[in-house]
Amino acid sequence: MNISHELFEAARRRIPGGVNSPVRAFRGVGGEPFFVKSANGCRLVTADNRELIDYVGTWGPAILGHAPSVVTNAVRETAQHGLSFGTPNPLEVEMAETICRLVPSVEKVRMVNSGTEATMSCVRLARGFTGRDKIIKFEGCYHGHVDSLLVKAGSGALTHGTPDSAGVPKALARLTITVPFNNVGAVRAAFAANPGEIAAVILEPVPANAGLYLPEPGFLEALRALCSESDSLLIFDEVMTGFRLARGGAQEIFGIRPDLTALGKVIGGGLPVGAFGGRAEIMDQLSPDGPVYQAGTLSGNPIAMAAGLAQLRELERCQGWSQLEEIGSSFEARARHAIRALPITFQRIGSMFCLYFFEGPVRRLSDAMKSDRERFSKYFHHCLDAGVYFAPSPFEAGFLSIAHASDDIDETARVMSDALKAVF
Ligand SMILES: *Cc1c(COP(=O)(O)O)cnc(C)c1O
C-alpha cells in the first residue's frame with residue numbers, strides 16, 4: 001500500500017494539480033510527490049514512514065532544521081495567550097526593532113504574510129513614491145506571483161514584457177522591462193530608452209530561483225549608481241537570501257544599500273511571514289501616514305512574530321551564519337569530489353547550492369537553461385529512492401541547515417556518487 005499515492009489521488013480531485021503551490025507537484029522531474037507527516041532536524045518522515053535527508057528545508061525557512069525546540073516552544077507559549085488580536089501587539093515592535101538592527105538599510109519596516117505580498121508592496125510603494133509606473137526586473141529572478149513581476153523577457157534585452165502567466169493584463173506586463181542578469185549595458189539601455197519613467201529596479205541580489213548564480217563584481221554597484229542617478233529606487237528581494245546568507249543578508253555581503261528590501265522565509269521560522277522595509281522617507285508614504293495603501297488582517301500576527309523572533313535570536317546566539325558557512329564548505333568539498341570529471345557545474349554561497357548538469361559557466365538564466373533536465377530528473381529520482389531529497393526541479397537551489405551533521409553529509413555524498421554513476 002502506498003499512502004502518498006492514495007493521498008495524491010484524493011488531492012487531485014479537490015485541489016488543482018493536487019498541490020497548493022505548483023513546484024510541489026514534481027512536474028519538473030516526473031513522478032508523484034510524496035506526502036510528509038512530520039519533520040525534525042534535517043529529516044522528513046513521509047506518510048509511508050520513509051525517512052529522507054532534506055535539502056529543501058521548506059524552500060528556505062528551516063535554517064535551524066525542522067521544528068527546532070526554540071521555535072516550537074515560542075509558538076506553544078505565545079499561543080496560550082491568544083492567536084490573533086487585530087490590534088498592535090508588543091511582539092511586532094520587537095520584530096521591527098530586530099529587523100532594523102540586523103539589516104541597517106531598513107529604517108522602518110512593515111510585516112506581511114508572504115514574500116509575494118512583500119515584493120508587491122515594494123513595487124506599489126516605489127511607484128507611489130516616484131510617481132512613475134515602469135519597473136526593471138531580470139530574467140530568471142522570481143519575486144512571487146505578483147502580476148507586474150510574473151514577466152520575463154523575450155529574446156532581446158529590451159523586449160517589452162509579455163505575461164508569463166495567463167491572467168496578467170498585457171497593459172500591466174508592458175510596464176515591466178526585463179533584462180538579462182549581470183548585464184549592466186542592458187540595464188543602462190533600458191534606463192536610456194525610458195527616461196524619467198523607471199520607478200524601480202527589482203532583483204534577487206543572488207538569484208536563487210533559476211538554480212543559483214552570483215552577481216559579478218561591479219554589477220550591484222552599477223545598479224545602485226544607475227538608480228541613484230535616475231532617482232529610481234533599488235529594491236533587493238531578499239526573501240530567500242535575507243537572514244540566510246548573513247545576518248544582514250546579501251546586501252551585507254556585497255556592501256550595497258538598497259532603498260527597499262523584501263523579506264520572507266527565514267524571518268517566519270516556518271510560519272507564513274513576510275516583511276518589507278527601507279528608507280524611512282519612502283516607508284512614510286504608506287497609509288495611514290501617506291497615500292500608498294497597504295494592509296493585512298493577520299499581519300504582525302503574534303504567533304508568527306514569536307516564531308520568527310525565536311529563530312532569529314537562536315541564529316545570533318549560536319553564530320548560525322558562520323556555522324552554516326562551515327557546513328556549506330564541507331558539503332561543497334564532498335559534492336565536488338562526487339562530481340569530479342563530470343560535466344556538472346556546482347555553485348554555492350553559504351548554505352545555498354545548486355548543481356547544473358552541464359559544464360557552465362552560469363551567469364544568467366540563458367546559461368541555466370542549458371542544464372540537462374533529463375539527466376537531472378534521473379539523478380533526482382535515484383537520490384530520492386536512496387533517501388536524499390533534493391528540490392524536485394533543476395532550477396531550484398538546495399538549502400543546508402544547522403541540523404545537517406557531518407554524518408548526514410557523508411551519507412548524502414555517497415548517495416550522490418551512486419546516483420551520478422547510474423546517470424552518466
Ligand atoms: C519565495 C520567494 C518569493 C515569494 O515568497 P512567497 O512567500 O512564496 O510568496 C519572492 N521572492 C523570492 C526571491 C523568493 O525566493
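When reading the values below, keep in mind they use all heavy atoms of this one structure, side chains included, and skip hydrogens, waters and symmetry mates. One-based numbering, in listed order, for ligands and for the atoms of each. Just so you know, these numbers come straight off a predicted model, no measurement behind them. Residues take their numbers from the sequence shown, with the count starting at 1.
- Under the 3.5 Å distance criterion, with hydrogens and angles disregarded, no donor-acceptor pair is assigned to the side chains of Q294 and R124.
- Every protein residue with a heavy atom nearer than 4.0 Å to ligand 1 is included here: S114, G115, T116, Y142, H143, G144, E204, N209, D237, V239, M240, K265.
- Remark: the S377 side chain and the R373 side chain contain no N/O donor-acceptor pair separated by less than 3.5 Å.
- Using a 3.5 Å distance cut-off with no hydrogens or angles, the side chains of S148 and R127 do pair a donor with an acceptor.
- For the side chain to side chain contact (heavy atoms under 4.5 Å, CB included) with Y389, the lone residue among V36, L44, T46 that qualifies is L44.
- Checking each of R279, R257, R101 against E107 for a salt bridge (charged side-chain N to carboxylate O under 4.0 Å, His left out) leaves exactly one that passes, namely R257.
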Show me the donor-acceptor pairs, under 3.5 Å and distance only, between side chains in residues 17-35 and residues at least two apart or in other chains.
unit_1	atom_1	unit_2	atom_2	d
E32	OE1	H5	ND1	2.9
E32	OE2	H5	ND1	3.2

